[in-house]
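In what follows, chains are A, B, ... by sequence order, proteins preceding strands, each numbered from 1. Every heavy atom of this structure was used, including side-chain atoms; hydrogens, water molecules and symmetry mates were not.
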Amino acid sequence: MTKEITITVDGRKVKAAEGLYLLDVLKRNNIYVPSLCHHDQVHPYGVCRICIVEMELNGRRKVMSSCNLKIADGQVFHTTSEKLTKERKILMELMLARSSGAKEVIELAQRLGVEETRFPKEDDGCIMCGLCVKACEQVVGVSAIGFESRGPNRKVSAPFDVEAERCIGCGSCVFICPTNFIKMEDKNHVRKIPLWHVELKMKQCKSCGPDIAPEKQLEYIRNKVKLPENFFDTCLNCRP
Amino acid sequence: MKRQRLNSQESLKKYREALVKARDPNQKVITVCGGTGCIAYGCKKVVEAFKTELEKQGLTDKVKLLVTGCHGFCERGPLVVIRPENLFYQRVKAEDVPEVIEKTVKNGELIERLQYEGKDKKKILKEEDIPFYAKQQRTIFGFNGYVDPKSIDDYIAIGGYSALPKALLEMTSEKIIDEVKKSGLRGRGGGGFLTGAKWEICAAQADQTKYIVCNADEGDPGAYMDRSVLEGNPHSIIEGMLICAKAIGASHAYVYVRNEYPLAVENLGIAIEQARELGLLGKKILGSDVDFDITVNRGGGAFVCGEETALLNSLMGKTGEPHQKPPYPAISGLFGKPTIINNVETWANVPLIISKGSAWFASIGTEKSKGTKIFSLVGKINNTGLVEVPMGMTLREIVYDIGGGILKDKKFKAIQTGGPSGGCLPEEKLDLMVDFDKLTEAGSMMGSGGMIVMDESTCMVDLARYFIDFLKGESCGKCTPCREGLKQMSGILNRICDGNGTEADIETLKDMSETVKDASICALGGTAPNPVLSTIKYFRNEYEAHIRDKKCLAHTCKKLIKFEINQKCTGCTRCVKTCPTTAISGKVKTVHNIDQGKCIQCGVCVDRCPFEAIDVD
């Protein structure tokens, strides 16, 4: 059984189970801290840094991200200080500069009071949250994509930026991407994800005809849960 | 020769006694520094020449040739020291060797041209009297000059592995940790965390499996103290880790060393093999219940892997990128197990603390920074090299007394301490006592111990730009503030250096610096803005000159300088011939002219002109 502990947030006592992530606890207690790269389905990666809070430590305050911070008894946090407000705004300016056209970035920036960025604007679209990479690894279990290069040159990519051989075309990366950066197209019985240089043949329902899903994805599922060979011959609707 | 396993304190004692007995303290030893600096100067040829000459003269029995690790005075390499007298020869070439043997070794005559000359033009006889060495306190680094790094016997003969039996057989884990705590030793890798306190946290973890890691991924440009300790005295690191193994209950260690340090990898590998042969690594070491072994792992070349969490990720085969602390490695580190990760120099201090006692160690240094620290003194300084000084020595003493002052007697401008992400301290801070806290208070840091000295010809804005560009490229790119923040700061600094800065830029840089420092995941981003913040703090006038007057006070920012030929020009045409862009024209014996549209400010003409006829504005 997990122990119930008490932490202090902005002067308010909050009870929660030990070892939970601070951001989750804050959300449950209706304490708003902005976040961008956080998603319930993957382990927190803690990279956008928008969810920063201040933790009291040896008489000082240390700035830390809350999404990947496991709470312990007696910890004292501040979520709304002037310093944090200022630093979150600068982080939003940086993200706006990188991806000036991304709707989610613009909306969060506005919510935090940032209308413009001081820096030269680019329109990359990707905010380097890494959710696609993490979902592919942790949710799908395929690890078809990863990060490439370092520093400002870092990007999400298929290995060596050629066709992602392990990609099964499930589209989880497309679904989870918060800025709609990853595009996917189903046309002429082929699924294309250009960012990973992937083109996969779709399987059609033997009974009613339309595409079900990429053949590779269905094979992956069939092998994983040991389904009979003809299991995906028909779509859900046509199954007896 | 296969060595016998030493399975008790007594057997180690006997082994040492036999070694000492077999060695004549008056033995003539020719010591050649075989450190990386001296190798670059060609010491290998000197060693070969000594070998040949000693054989030729039939002296191989009487005179011992000892190739050691780095002595520290790299500026004057290749270094040769003749013991037991400690006669010091510098810049020795292979051609000098027959004369050294004939005159000095055989007949005790000195060769003046190879001797060090003091400021008063007098020759200095002995190694320890040279000003560079005289003010140092070489408790760790001093051993380098006396041991062959490839010989465990040399290390044992000078008293090495004497802390080991004490720790393994006479002290409890608590006692060891207590000693290290009381010594006040703080992590030499830059963090400055109390080593004993870290060990205590790790020892208290219930987990049965614990790991020890030696961080030898020294990446700061110009810093090479860890390299030189590993190359020159690898057994001191092994002994330090062995003591920690007993203290925290670990049985395996990893040394994560840069692949660019082949000699360190080689010497460490030999040292581990020899320690295994003698049973100082393996099962039931010296009859105690401690089992311990070491694996060497070579790094892949990423600067960020010097950061401990990134290093551990890399060691586990993952991408070398850091994560937020907590969890601290002492609680959850390598493979999720409690892990003590310390830097090379920290490990080298441990055996000394155990054998000489915490009180001895704590008697050196300042109130909160104990012991000595090795610095790599580089840049515009006369005596480039590695120096080991007690904490609390002033920067002035290091720069002027040990370092011998600024090259070509130019004016001191700043010293950057702590590597690329350290701050730059101006002349008025020269009397600052060097310790962890004083450096941090002044806006710089101890870091791993890099010291780069700059003279008046260095533009501080350009310097900040250079280091931010370096760190931008070395950022792993995982978190927004470091990846995007350094990119934007680099953009602003480059703009200022190009003469396109605006009044708002200084404040933007300061804002950005605070955010990058606070919000970054690891210490790379956490310290990266130091060069910017410290140069704004101490050299704000240079920023303003670039922005307002479009002037670079040090005359180095190319877009802000102009070359013009004055009336001293004799029309010798040398500049015309060297100018790579044919920007200079003029008839022979008449004053020349530079076409500003073609000039690329390379400065070749200034170097070439014998008449000081080219002005830089």
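One finds a salt bridge joining Glu321(B) and Arg154(A) here, because a Lys/Arg side-chain nitrogen approaches an Asp/Glu carboxylate oxygen to under 4.0 Å.
With Thr480(B) contributing its side chain and Met95(A) its backbone, the two residues share no donor-acceptor pair below 3.5 Å.
Environment of CD in Glu165(A): sparse, with no more than 12 heavy atoms of neighbouring residues, nucleotides or ligands closer than 6.0 Å. Atom CD of Glu4(A) has more than 12 heavy atoms from other residues, nucleotides or ligands within 6.0 Å. The number of heavy atoms from other shown groups lying within 6.0 Å of CZ (Phe160(A)) does not exceed 12. Residue-environment remark: CZ (Arg61(A)) exceeds the threshold of 12 foreign heavy atoms within 6.0 Å. Summarising the local packing, NZ of Lys325(B) is surrounded by more than 12 heavy atoms from other residues, nucleotides or ligands at distances under 6.0 Å. For Lys183(A), the NZ atom is densely surrounded, since the number of other residues' heavy atoms within 6.0 Å is greater than 12. Within a 6.0 Å sphere centred on OH of Tyr466(B), other residues, nucleotides and ligands contribute 12 heavy atoms or fewer. Heavy atoms from other residues, nucleotides or ligands lying under 6.0 Å from CZ of Phe175(A) number 12 at most.
Put simply, of Gln324(B), Lys487(B), Met512(B), Lys517(B), the one with the most heavy-atom pairs under 4.5 Å next to chain A is Gln324(B). The choice from Asn68(A), Leu91(A), Ile52(A), Ile50(A) that makes the most heavy-atom pairs within less than 4.5 Å of chain B is Leu91(A). Considering only heavy-atom pairs separated by less than 4.5 Å from chain B, the leading option among Arg49(A), Met128(A), Glu54(A), Glu93(A) is Arg49(A).
Looking only at side-chain heavy atoms (C-beta outward), Glu87(A) and Pro481(B) stay at 4.5 Å or farther from each other. Residues Asp511(B) and Ile90(A) have side chains in contact (heavy-atom distance under 4.5 Å, counting atoms from C-beta outward). A heavy-atom distance below 4.5 Å is found between the side chains of Pro152(A) and Lys472(B).
Gly46(A) approaches Ile521(B) most closely through the heavy-atom pair O-CD1, 3.5 Å. Between Ala519(B) and Val63(A), the closest heavy-atom pair is CA-CG1, 4.3 Å.
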Derivation of the side chain to side chain contact (heavy atoms under 4.5 Å, CB included) call for Lys62(A) and Asp518(B): CA-CA 8 Å; Lys62(A) 191 180 178 199; Asp518(B) 285 339; over 6 Å; no
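Note that CD of Glu484(B) is 10.5 Å distant from OG1 of Thr117(A), once rounded to the nearest 0.5 Å. Taken to the nearest 0.5 Å, the NZ atom of Lys478(B) stands 12.0 Å off from the SG atom of Cys48(A).
Using a 4.5 Å cut-off between heavy atoms, Ser520(B) touches chain A through its backbone atoms (N, CA, C, O) alone. Both the backbone and the side chain of Arg150(A) come within contact range of chain B, judged by heavy atoms closer than 4.5 Å. With a 4.5 angstrom heavy-atom cutoff, Leu471(B) does not touch chain A via any of its atoms. At a 4.5 Å heavy-atom cutoff, the contact between Ile127(A) and chain B is made by backbone atoms alone. At a 4.5 Å heavy-atom cutoff, Lys70(A) makes no contact with chain B through either its backbone or its side chain. For Ala504(B), no part lies near chain A; criterion is any non-hydrogen pair under 4.5 Å.
Side-chain contact annotation: Arg98(A) with Gln488(B), donor-acceptor N/O pair under 3.5 Å absent.
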